[in-house]
Engineer: 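The structure under discussion is supplied below as structure tokens; questions concerning it will follow.
Just so it is clear: chains get the letters A, B, ... in the order the sequence lines come, proteins before strands, and each one is counted from 1. What's counted below: heavy atoms across the whole structure, side chains too, no hydrogens, waters or symmetry copies.
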Amino acid sequence: GAGVSQSPSNKVTEKGKDVELRCDPISGHTALYWYRQSLGQGLEFLIYFQGNSAPDKSGLPSDRFSAERTGGSVSTLTIQRTQQEDSAVYLCASSKETGNNSPLHFGNGTRLTVT
Amino acid sequence: DQQVKQNSPSLSVQEGRISILNCDYTNSMFDYFLWYKKYPAEGPTFLISISSIKDKNEDGRFTVFLNKSAKHLSLHIVPSQPGDSAVYFCAATQGGSEKLVFGKGTKLTVNP
């Protein structure tokens with residue numbers, strides 16, 4: 001499969017626990033994005049990585065959220081001390097290059113439920 | 001403050017007829033607009049886009065119209081097919097920014 005792969009597909013965690021969500025982008029795609037979709041809402045931008053540049057973290061909702069991208073490929077989104085309002089579908093996307101001519105290719109998402 | 005609005009949460013259309021999905025935006029700096037389609041339990045997939053220098057872009061059964069003065073765009077699907085049943089998201093960006101601003105989506109149901 002050549003698509004964006006996310007794991008796990010579902011995650012249920014207790015309030016206060018830390019979680020890690022993983023994203024494998026399409027091979028050769030230099031740009032990687034994290035979005036989330038809360039119930040009844042649109043997709044909300046979280047963070048963006050492009051090559052070796054510093055990531056754009058302007059969408060992260062709090063300092064409990066962090067993300068890294070190792071070796072320009074796999075990315076991990078970490079949420080510390082999870083809260084119930086963190087429950088959402090977390091979507092990763094990659095694109096071949098930046099700019100308007102490179103549409104985002106999304107993974108199927110990780111559905112996070114915080115109880 | 002929602003910058004991209006899809007005011008119709010759902011739309012139902014008969015197979016073979018036209019589906020028209022609407023989207024309004026408030027940020028006049030947006031200069032590039034996209035439509036994504038999402039099936040349940042899958043990520044959104046890119047459908048069609050339009051630059052603000054154009055007022056229409058067509059790709060097969062899908063046409064996007066942009067009215068800059070009204071800050072409004074619409075997606076026309078004709079003829080509609082049952083396989084088009086999905087949630088459609090409108091998205092916008094400005095100045096080549098990598099951050100897309102999405103609407104809440106419209107669920108389209110095409111009835112056979």
Side-chain angles (χ1 to χ4, degrees), chain A residues 1-10 21 23-26 29-51 53-60 88-111, chain B residues 1-10 21-27 29-54 57 59 62 64 66 86-107:
Chain A
V4 175
S5 177
Q6 292 188 246
S7 61
S9 54
N10 281 284
L21 313 179
C23 172
D24 281 275
I26 293 172
H29 281 196
T30 59
L32 186 146
Y33 310 74
W34 283 97
Y35 282 80
R36 75 174 175 181
Q37 185 182 15
S38 303
L39 190 64
Q41 302 298 313
L43 280 68
E44 174 190 5
F45 169 81
L46 297 178
I47 188 169
Y48 157 69
F49 296 89
Q50 169 56 30
S53 303
D56 179 344
K57 304 178 181 180
S58 59
L60 294 178
V89 176
Y90 288 81
L91 291 157
C92 176
S94 68
S95 66
K96 194 171 184 179
E97 56 191 34
T98 58
N100 293 334
N101 291 327
S102 293
L104 274 58
H105 297 262
F106 284 89
N108 290 340
T110 294
R111 181 176 294 279
Chain B
D1 177 33
Q2 225 186 325
Q3 297 186 72
V4 177
K5 300 178 184 179
Q6 294 177 257
N7 292 320
S8 297
S10 63
L21 298 110
N22 294 304
C23 177
D24 298 290
Y25 61 96
T26 57
N27 187 344
M29 299 299 292
F30 286 147
D31 56 10
Y32 194 72
F33 305 88
L34 308 90
W35 285 93
Y36 280 80
K37 173 179 173 180
K38 185 181 184 300
Y39 292 118
E42 294 184 10
T45 56
F46 170 74
L47 194 56
I48 193 169
S49 62
I50 188 167
S51 165
S52 60
I53 62 173
K54 295 185 175 182
N57 188 25
D59 183 3
F62 303 91
V64 56
L66 175 62
V87 177
Y88 289 79
F89 290 97
C90 172
T93 187
Q94 64 179 82
S97 169
E98 308 310 327
K99 285 183 279 190
L100 295 180
V101 179
F102 284 84
K104 293 185 178 183
T106 296
K107 182 177 181 180

Engineer: Identify which part of A/Ser9 has an atom lying under 4.5 Å from any heavy atom of chain B, answering side chain, backbone, both or neither.
Structural biologist: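 Contact with chain B is absent: no heavy atom of A/Ser9 under 4.5 Å.
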Engineer: Given side chains that start at C-beta, do those of A/Leu91 and B/Pro44 come closer than 4.5 Å, heavy atoms only?
Structural biologist: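 A/Leu91 reaches B/Pro44 side chain to side chain.
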Engineer: Taking side chain as everything from C-beta outward and backbone as N, CA, C, O, which of these in B/Tyr39 sits under 4.5 Å from a heavy atom of chain A? Side chain, backbone, both or neither.
Structural biologist: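 Nothing of B/Tyr39, per the 4.5 Å heavy-atom cut-off to chain A.
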Engineer: Determine whether A/Phe45 and B/Leu100 make a side-chain contact, defined as any pair of heavy atoms from C-beta on separated by less than 4.5 Å.
Structural biologist: no
Engineer: Would you check if the side chain of A/Tyr33 reaches a backbone N or O of B/Lys99 as a donor-acceptor pair within less than 3.5 Å?
Structural biologist: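 Answer holds: no.
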Engineer: Only counting residues at least two apart or in another chain, list the ones meeting ring-ring contact (aromatic ring centres under 6.0 Å, His included) with A/Tyr90.
Structural biologist: none
Engineer: Quick check: do B/Lys38 and A/Gln37 have side-chain heavy atoms less than 4.5 Å from each other?
Structural biologist: yes
Engineer: Please report whether the ring centroid of B/Phe102 lies less than 6.0 Å from that of A/Tyr35.
Structural biologist: yes
Engineer: Given heavy-atom pairs under 4.5 angstrom as the criterion, report whether the side chain, backbone, both or neither of A/Leu104 touches chain B.
Structural biologist: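 Contact with chain B: backbone and side chain both.
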Engineer: Measuring from atom CZ of A/Phe106 to atom CZ of B/Phe46, what distance do you get when rounded to the nearest 0.5 angstrom?
Structural biologist: 11.5 Å
